[in-house]
Protein chains: 2
Amino acid sequence: MSDAIRVVVADDERMVRTALRVILDAEPGIEVVGEATTGAEAVSVVRDRLPGVVLMDVRMPGIDGIRATEQILATLAAPPRIVVVTTFENDSHVYDALRAGAAGFLLKRGAAEELIQAVRLVARSDSLLFPAQIRELAARHAPAHATAHPWTARLTEREAQVLRLMATGRTNAEIAERLGVGPATVKTHVASVLAKTGTRDRTQAVIAAYESGFVRPR
Amino acid sequence: MSDAIRVVVADDERMVRTALRVILDAEPGIEVVGEATTGAEAVSVVRDRLPGVVLMDVRMPGIDGIRATEQILATLAAPPRIVVVTTFENDSHVYDALRAGAAGFLLKRGAAEELIQAVRLVARSDSLLFPAQIRELAARHAPAHATAHPWTARLTEREAQVLRLMATGRTNAEIAERLGVGPATVKTHVASVLAKTGTRDRTQAVIAAYESGFVRPR
DNA sequence: CGGAGCCTCCCCCGCACGGCGGAGCCGGAT
DNA sequence: ATCCGGCTCCGCCGTGCGGGGGAGGCTCCG
C-alpha cells in the first residue's frame, strides 16, 4: 500500500523510539519513516521525510519538543500533524505544545491500541486528538470547563446523535428512520464519525464510544 | 414477513399483558398471537396457537405458571420456549420454573430492549436465557457457583474467544489469523455468538458484550 | 457580500458480513 | 457401539456497509 501513513518518531530515549516503531510498523497502513533524538534533529528529519504524523517527545536535549513543534509548523508549507508524547500525566509542557499547534498528546504508558488509533485519527482528520487517556488528565488538571466527552467537541451534534444510535446497535436505515432523514444522510454522518474517531467500521466506532466513556454500560 | 416469532403472553394482570404486547408487537419480526390470564388458559392457548415463545407469569390464579410450564412441555410434541416473567428479584418460584424446563426468566421492571432480546434469543437458539438482569439476581441469590458471566456458560470457549476479539474491532479475517484457523470457521463461530446472544450483527454482539460485563471499558 | 461549516441527499463501486445448508473429525457420554 | 456436542471447513447468495466522488440549501460571521 503506497498511501500508508508516514510517521516520524522523535524521542531521546532509544527504548521509547523502538517501542513506538515496533508498534506502528506492525500495523498495516502505518509506516515509520524516520527517527530523531533531539528537537533540532526532529525538525530536519521532518523536513526531509515529510511525514503525515510526528510523534514528538516534550522533553529532549537542546531544542525541546515544543520549540521543535513551533519551528516545524512555522516553516513547512504542508506541515504534518504533531502528536506530543509525554511520560507524565499533567505535564504543563503539554499545554505549551498544544498552544504551539500540536494536534494532541499521548501518555507513554498508554495502550498500543490507543497509539495506533491516535495516529490514524490525526492522519485522517484535522480534529484534535483526544484519546481515552485525556479523561484522567482532564479530570484532575482542568476541572473548570471540562466538557462532557473527548470528542463531543469535535463531533457535531448530529454526528454525536448518530454515534449514540450506532451504539444501540441500529442499522443506518433504522437511524435514518429514527432521525427522520434519508439513509444517505446517515451514511454521510457515519463516515464523518469514522473519520473523526479514527475507526474503520461501525463496530470499532461503537467500541471507541464505550472505551472513551462517550456511552457507558448501564 | 411470515416467519415472525410467534409469542403467547400469559399473565393475570391486564396492564402487564398489554405492556408486553405493545412492546413486542412494535418490534418487526415478533408477533403476539395469543394471551392468557390463568395457567389453565395458557396451556390451551399454547396448544391452539403453537407459538415459538411463551412469556409466562409465575403467579397466576388456579394453575400457576410453573405447573402450566410443566404441562405444556410434557404434552406438546414441539413445545415452545417458555420464559418466566416475575416481579420480584429473588422469587424462589422462578427456580422451580427453570427446573420445570423454562428457558429463562425476566424481571417485569426490565427494559423493553431486554425483553425483545430475550424473545429473540430463546426463539433462535436452544440455550438458556441469561439477560443482563440475571446478574443482580445471581449475585445475591446464588453466590455459590456464580460463574463469570451470563453467557459464558452457554458460549463455548471458542465462541467466547471470538466474541472477545470481535470486541476489539477485528474483522473475521483478522480473528482467523489471530486464532490460526480459516475465515470460514470464524464465520461459523460468529454466527453461533449472534444466535446465542440474540443479536443480529457483530456490532450488536459487541454492545451486548459491554452491556453484560463480558468485556469492560478499560 | 461572500465564504465556512453543517446538514441534506445523490451516484457508483467493492467487499465484508451474515444466512443457509452441508460436511468431516474428534472426544466424551450413554 | 452409538450418539452428541464442539471445532473445523466448504459452497452460494443477498445486502448492509464503507470509500469515492459531487451537489444544493441553510445559518452564521467577518
Side-chain angles (χ1 to χ4, degrees), chain A residues 1-5 28-29 120 123-128 151-163 165-167 169-208, chain B residues 1-5 28-29 120 123-128 151-163 165-167 169-208:
Chain A
M1 202 170 291
S2 61
D3 49 68
I5 301 168
R120 290 234 170 82
R124 291 192 198 183
S125 74
D126 42 25
S127 63
L128 263 188
W151 315 320
T152 31
R154 285 297 162 182
L155 289 185
T156 67
E157 194 44 49
R158 210 49 162 173
E159 287 159 0
Q161 281 180 21
V162 169
L163 178 53
L165 289 169
M166 289 199 281
R170 272 168 250 256
T171 64
N172 289 339
E174 287 166 348
I175 294 171
E177 193 186 4
R178 186 70 171 260
L179 295 180
V181 298
T185 304
V186 175
K187 284 188 66 174
T188 304
H189 291 315
V190 170
S192 297
V193 168
L194 298 186
K196 289 185 179 178
T197 58
T199 52
R200 68 179 169 205
D201 56 44
R202 65 201 302 106
T203 304
Q204 284 194 357
V206 168
I207 291 168
Chain B
M1 203 170 291
S2 63
D3 47 64
I5 301 167
R120 290 234 169 82
R124 291 192 199 182
S125 74
D126 42 25
S127 62
L128 262 188
W151 316 319
T152 31
R154 285 297 162 181
L155 289 186
T156 66
E157 194 45 48
R158 209 51 163 171
E159 287 159 358
Q161 282 178 21
V162 169
L163 178 54
L165 289 170
M166 289 200 286
R170 272 167 249 256
T171 64
N172 289 339
E174 287 166 348
I175 294 171
E177 192 186 4
R178 186 69 172 260
L179 295 180
V181 299
T185 304
V186 174
K187 284 187 67 172
T188 305
H189 292 315
V190 169
S192 298
V193 169
L194 297 185
K196 289 184 179 178
T197 58
T199 54
R200 68 180 168 202
D201 56 44
R202 67 200 301 107
T203 304
Q204 283 194 358
V206 168
I207 291 168

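Given the structure is predicted, the values throughout are model-derived calculations rather than measurements. A, B, ... follow the sequence lines: proteins, then strands. Residue 1 opens every chain.
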message = What's the separation between atom CZ in A:Arg202 and atom OG1 in A:Thr197, rounded to the nearest 0.5 Å?
response = 12.0 Å

ask   = Closer than 4.0 Å, any side-chain N/O of B:Arg200 to the OP1 or OP2 of C:dG18?
value = no

key: Contact summary for A:Ile175 and A:Arg170, nearest pair of heavy atoms   = CG1-CB, 3.8 Å

inquiry  = Would you say that B:Arg178 contacts B:Val186 through its side chain, given a criterion of any heavy-atom pair below 4.5 Å between the two side chains?
reply    = no

ask   = Can you name the nearest heavy-atom pair linking A:Asp201 to A:Leu194, along with the distance?
value = O-CD2, 3.4 Å

note = B:Gln204 CD to D:dG16 P, in whole Å, measures 14 Å

Value in whole Å for how far the P atom of D:dG6 lies from CD of B:Gln161 = 15 Å

ask   = Within less than 4.0 Å of OP1 or OP2 of C:dG5, is there a side-chain N or O belonging to A:Thr156?
value = no

query = If only atom types and distance count, is the side chain of B:Gln204 paired as donor or acceptor with the main-chain N or O of B:Thr199 below 3.5 Å?
reply = no

request  = Answer whether the closest heavy-atom distance between the side chains of A:Leu165 and A:Glu174 falls below 4.5 Å.
outcome  = no

query = Tell me: NZ of B:Lys187 to P of D:dG11, nearest whole Å?
reply = 11 Å

inquiry  = Distance check needed: C:dC7 C1' versus A:Glu159 CD, whole Å only.
reply    = 10 Å

task = Answer yes or no: does a side-chain N or O of A:Arg158 lie under 4.0 Å from OP1 or OP2 of C:dT8?
result = yes

task = Round to a whole Å and report the spacing from CD of B:Glu174 to C1' of C:dC17.
result = 14 Å

Dump the pairs, protein N or O against N or O of nucleotides 22-30 of chain C, anything under 3.5 Å, distances to one decimal.
none

request  = Counting heavy atoms from C-beta on, name the nucleotide in C:dA16, C:dC7, D:dC7 closest to the side chain of B:Thr171.
outcome  = C:dA16

OP1 or OP2 of C:dC9 under 4.0 Å from side-chain N/O of A:Thr185 = yes

task = Work out which heavy atom in A:Val193 is nearest to a heavy atom in A:Ala205; give both atom names and the distance.
result = CG1-CB, 4.4 Å

remark   = B:Leu165 CG to C:dC17 P, in whole Å, measures 13 Å

note = Taken to the nearest whole Å, CE/B:Met166 to P/C:dC17 is 11 Å

message = If the cut-off is 4.0 Å, is B:Asn172 near the phosphate of C:dA16, judged by side-chain N/O to OP1 or OP2?
response = no

inquiry  = Using a strict heavy-atom distance below 4.0 Å, which residues from residues 176-184 of chain A are in contact with DNA chain C?
reply    = A:Val181, A:Gly182, A:Ala184

task = Would you mind pulling out the nucleotide paired to D:dG30, Watson-Crick or G-U wobble, both distances under 3.5 Å?
result = C:dC1

key: Contact check, side chains of A:Leu155 and A:Val162, non-hydrogen atoms, under 4.5 Å   = no

message = Without decimals, in angstroms, what is the distance between B:His189 NE2 and D:dC9 P?
response = 8 Å

message = Between A:Val190 and A:Lys187, is there a side-chain heavy-atom distance shorter than 4.5 Å?
response = no

query = Who passes side-chain contact (heavy atoms from CB on, under 4.5 Å) against B:Thr185, sequence neighbours left out?
reply = B:Val181, B:His189

